[in-house]
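Since the structure comes first, as C-alpha cells, the remarks are kept for the end.
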Amino acid sequence: MIEGKITRISGPIVYADGLDGCGLYDVVHVGEKQLTGEIIRQNEGKATIQIYEDDTGMHIGEKVICNEMPLSLRLGPGLVGTIYDGIQRPLKTMYEEGGAFLVPGQRTEPLDTKKKWDFTAAETADGKTVTAGTPIAPGMQLGTVQETNSILHTIMVPPTIRGRVLKTFTGNGSYTVDDVIGTTELDEEIRMSQYWPLRKPRPFSEKLGVTEPLVTGLRVIDVFFPLSKGGTAAIPGGFGTGKTMTQHAIAKWCDADLIVYIGCGERGNEMTDVLSEFPKLIDPRTGRSLMERTILIANTSNMPVAAREVSLYSGITLAEYYRDMGMAVAIMADSTSRWAEALRELSGRMEEMPAEEGFPAYLPTRLAEFYERAGRINSLCHREGSVSVIGAVSPPGGDFSEPVTQHTKRFIRCFWALDRDLANARHYPAIGWIDSYSEYADEVKEWWDKLDPRWVKVRLEALDLLKNEQRLQQIVRLIGPDALPDEKRLILVVAEMIKNGFLQQDQFDPVDAHCVPEKQIQILMLIMNFYHRAAAVIKAGAPLVKITALTVRDEIVRLKSLVENDKLEKIKAIEGHLDDQMSGLEKMYRKVAAV
C-alpha cells in the first residue's frame with residue numbers, strides 16, 4: 001500500500017502528496033477515520049481525492065492510504081432485495097450496527113459473507129456437467145443459485161480470467177460468496193462473487209438492435225411513445241408533475257426481469273416512500289413482493305454529495321451484471337438533475353472553469369458515459385440481455401431549455417415530457433403528447449405488426465388528431481367553439497375522448513392501473529372508428545349534437561376501467577353498439593337529404 005498526506009481540504013475534495021504509483025480512480029482511505037475516497041486527478045504524486053463520506057473534523061497532515069485498485073462493486077448472490085448507498089454499503093446492516101445515522105469510516109460488507117447458497121453446476125454445450133478439465137471462457141456459466149423466488153442467479157466466469165481450462169471445480173454444494181469454487185490452469189481463483197470497476201462498462205460480444213418494446217402497461221407510453229428494451233428515455237418535469245410516481249408505475253408493471261432503482265439526490269421523504277412502499281408492492285407477474293426482483297440505491301440530498309455522483313455508475317454496473325446473465329434489466333434514475341448538481345458542486349470545489357449555469361464543461365460527456373451503457377447485447381457467452389435506462393430530469397421551474405434537459409436530449413431517444421397543466425388537472429400520467437416523442441417507433445413496428453398490424457396507422461392518426469385539436473383550441477379561446485363547423489368541433493369531441501378514455505389512467509383502479517397491449521390498441525381503434533363513422537354521419541347532414549347524444553360515446557370512454565385484460569371480447573360488443581347507432585343516424589339523414 002502507498003501512503004501520502006493531506007495538504008489541502010475543500011469540502012468533499014481533498015488534495016494529497018506522496019501518492020506516486022497510484023492510478024486514476026484508485027480507492028484511498030483518508031484520515032484517522034479511514035474515509036473512503038477515490039483519486040480523480042493524479043499528477044506527479046499530487047492527487048485530487050473525492051471523499052464519499054462526511055469529512056467533518058479532518059485536518060491537514062492526516063494520512064492517506066491507497067489500495068492500488070479502482071473503486072469496484074462486489075457482484076454475487078444476495079444483491080437483489082438489498083438497499084445500498086452510492087458506494088454499495090448495505091443501509092439496513094449499517095443501521096443495525098451503527099444506528100440511524102451514517103457513521104464516517106464504517107465498513108460493511110456489501111454481501112452477506114456468512115449465508116450459504118445452494119449451487120447447482122451448469123451443463124456445457126455438449127450436454128455434460130461442468131467439471132475439472134472443462135474448457136472455459138470469460139462470461140461462461142458455471143452454475144446457478146436461486147437468489148430469490150423470482151431471480152435465478154447465474155455464477156459466471158469473471159471477464160478478467162485469462163485461463164482457458166478448469167484445473168479444479170467443486171461442483172454442486174452450499175457455498176458462501178467468499179468460497180472458491182474453481183481454479184484455472186494458471187491458478188486463478190474463481191469465487192461465488194467477483195469484483196468489477198464501476199466506471200468501466202462490462203464487456204460483451206455484440207450489440208444488437210432494439211426491436212422489442214419494454215411494455216409498461218401505460219397506454220400513452222406503449223402506444224404513442226414506446227421505449228425499446230435496451231433503450232434510453234428521459235422523464236423531465238417540474239416539481240409535482242409526477243416523475244417519481246410514473247417511475248414507480250413502470251417499475252411495478254414493466255416486463256423487465258430486474259429493476260434497479262437509483263434514488264440519486266432526491267429528498268429523504270421521497271426515498272422513504274420508495275423504501276416503505278416497494279416491499280409492500282406485489283409483483284403482478286409472480287404474485288410475490290416486488291423487492292424479490294428489485295435492487296435499491298438510496299443516496300438522498302442530505303447524504304454526502306460525492307457519493308451521489310458515483311451512485312449512477314453503481315446502479316448501471318449492477319444492471320450490466322444481471323444483463324450478462326441474459327436478463328432484461330430496467331434502471332430508474334431519480335433524478336439525473338440532482339446528480340448533475342453534485343457534479344457542479346464538486347467542479348466548483350476544484351476551481352474548474354464553469355460552463356452554462358455553473359455546470360462543468362464535461363457534463364455532456366458524463367451524461368453520455370451513463371446513457372451509452374444501455375443497450376441490448378449478446379454477452380461474452382452469447383446470452384441475450386438488455387439494460388433500459390429511464391432517467392428523471394428535474395429542471396428548475398419546469399424549464400426544458402436548461403442545460404441538463406438539453407444535454408440529456410442529445411443522448412436519449414425517448415422523451416416523455418411531463419405537462420404542468422395536465423398534472424394540475426389530475427391527469428395521470430401527465431405525459432404531454434405535443435412535446436413528447438419516441439425514436440423507437442420504427443424499431444418496434446415489427447413487434448406490433450405481429451400483435452396488431454393496425455398500430456402504425458391508428459397511432460399516427462390519433463397523434464395528428466391531438467395536434468389538430470391543439471390548433472383549434474387556440475381559435476376556440478378567441479371566438480368560442482360555436483364559430484367552428486361541426487366537422488371541426490367533432491375533432492374537439494374525439495380528442496377529449498382520447499384524453500379521458502385512453503391516455504388517462506387510474507393507478508388506484510385494479511383494472512385500469514395496467515393495460516395489456518391488446519387492450520390498448522383495441523380501445524384506441526374503437527375511438528378512431530367512432531371518429532371516422534361520426535365524420536361520415538356529419539357529411540350526410542347530421543348535426544354534431546345528435547352524435548354527442550349517442551350512448552355508445554360514454555360506453556367507449558368507460559371501457560378502460562370496465563373491461564379487464566383477459567375479457568377483451570366485451571370490446572367487440574361495444575363495436576356492435578357503435579355500428580348500430582351510427583348506421584341508424586346515417587340512414588336517417590341520408591333519407592332526409594334525399595327528400
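Contact between L75 and L111 at its shortest, heavy atoms only, is C-CD1, 4.2 Å. Residue P12 comes nearest to V305 through the heavy atom pair CG-CG1, 4.0 Å, listed as atom of the first residue, atom of the second, then distance. In plain terms, the two heavy atoms of I2 and G18 that are nearest each other are CG2-O, 3.7 Å. Taking every heavy atom of both residues into account, A333 and L312 meet most closely at CB-CD2, 3.8 Å.
For K207, the NZ atom counts as densely surrounded, since its 6.0 Å shell holds more than 12 non-hydrogen atoms of other residues, nucleotides or ligands.
Applying the side chain to side chain donor-acceptor pair (under 3.5 Å) test to every pair with at least one member in residues 1-14, sequence neighbours left out, gives these pairs: R8-E351. Within the structure, side chain to side chain donor-acceptor pair (under 3.5 Å) contacts touching residues 389-398 (residues at least two apart or in different chains) are S335-S394. For the salt bridge (charged side-chain N to carboxylate O under 4.0 Å, His left out) condition, the pairs that include at least one residue of residues 227-236, sequence neighbours left out, are E212-K229, K229-D255. For residues 3-48, the set of pairs meeting the ring-ring contact (aromatic ring centres under 6.0 Å, His included) definition, not counting sequence neighbours, is empty.
Side chains of T120 and T144: no donor on one and acceptor on the other come within 3.5 Å. Between the side chains of E292 and S289, no donor-acceptor pair of N or O atoms lies under 3.5 Å. Using modelled atom types, one finds a donor on one side chain and an acceptor on the other under 3.5 Å when comparing Y175 with T170. A donor-acceptor pair shorter than 3.5 Å can be found between the side chains of S347 and E352.
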Atom pairs and distances, side-chain donor-acceptor, residues 89-102, under 3.5 Å, sequence neighbours left out:
unit_1	atom_1	unit_2	atom_2	d
R89	NE	D85	OD2	2.9
R89	NH1	E53	OE1	3.1
R89	NH2	D85	OD2	3.0

Side chains of residues 363-370: which donor-acceptor partners sit under 3.5 Å, not counting sequence neighbours?
unit_1	atom_1	unit_2	atom_2	d
R366	NH1	E309	OE2	3.3

Residues 233-240, side-chain donor-acceptor partners within the protein, below 3.5 Å, at least two apart:
none

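Between T336 and C264, the closest side-chain pair of non-hydrogen atoms is not below 4.5 Å. Between I155 and Q141, the closest side-chain pair of non-hydrogen atoms is not below 4.5 Å. Residues I221 and W416 meet the side-chain proximity criterion, which asks for heavy atoms closer than 4.5 Å. The side-chain heavy atoms of M140 and V130, taken from C-beta on, include a pair separated by under 4.5 Å. Here the side chains of V180 and R191 are in contact, with some heavy-atom distance below 4.5 Å. In this structure, the side chains of L218 and Q507 come closer than 4.5 Å at one or more pairs of heavy atoms.
Remark: Y195 engages no residue in a side-chain hydrogen bond (donor to acceptor under 3.5 Å, both in side chains) (not counting sequence neighbours). Residues meeting the side chain to side chain contact (heavy atoms under 4.5 Å, CB included) test with L380, sequence neighbours left out: P138, P159, P203. Qualifying side-chain hydrogen bond (donor to acceptor under 3.5 Å, both in side chains) partners for T108, counting only residues two or more places apart in sequence or in other chains: none. Under the side-chain hydrogen bond (donor to acceptor under 3.5 Å, both in side chains) criterion, T317 pairs with R373, not counting sequence neighbours. Qualifying side-chain hydrogen bond (donor to acceptor under 3.5 Å, both in side chains) partners for D54, counting only residues two or more places apart in sequence or in other chains: T56.
Checked for salt-bridge contact, R164 and E185 miss the test: no charged N lies under 4.0 Å from a carboxylate O. A salt bridge is defined here as a Lys NZ or Arg NE, NH1 or NH2 lying under 4.0 Å from an Asp or Glu carboxylate O, and R74 with E109 meets this definition.
Annotation: the span from D257 atom CG to L152 atom CG amounts to 11.0 Å, rounded to 0.5 Å. Atom NZ of K116 and atom NZ of K114 lie 13.0 Å apart (nearest 0.5 Å). Note: Q247 CD to Y261 OH = 5.0 Å, rounded to the nearest 0.5 Å. Within the model, atoms CE of M156 and SG of C381 stand 9.5 Å from one another, a figure rounded to the nearest 0.5 Å. Annotation: the span from L71 atom CG to S314 atom OG amounts to 7.0 Å, rounded to 0.5 Å.
F415 and F400 have perpendicular rings, their planes meeting at more than 60° on a 0 to 90° scale where under 30° would count as parallel.
Judged by distance alone, the side chain of R293 and the main-chain N or O of A256 form a donor-acceptor pair under 3.5 Å. No donor-acceptor distance shorter than 3.5 angstrom exists from the side chain of E356 to the backbone of P403, with no hydrogens or angles considered.
Of the residues listed (T405, L418, I412), the one engaging V393 in a side-chain contact (heavy atoms from CB on, under 4.5 Å) is T405, and it is the only one.
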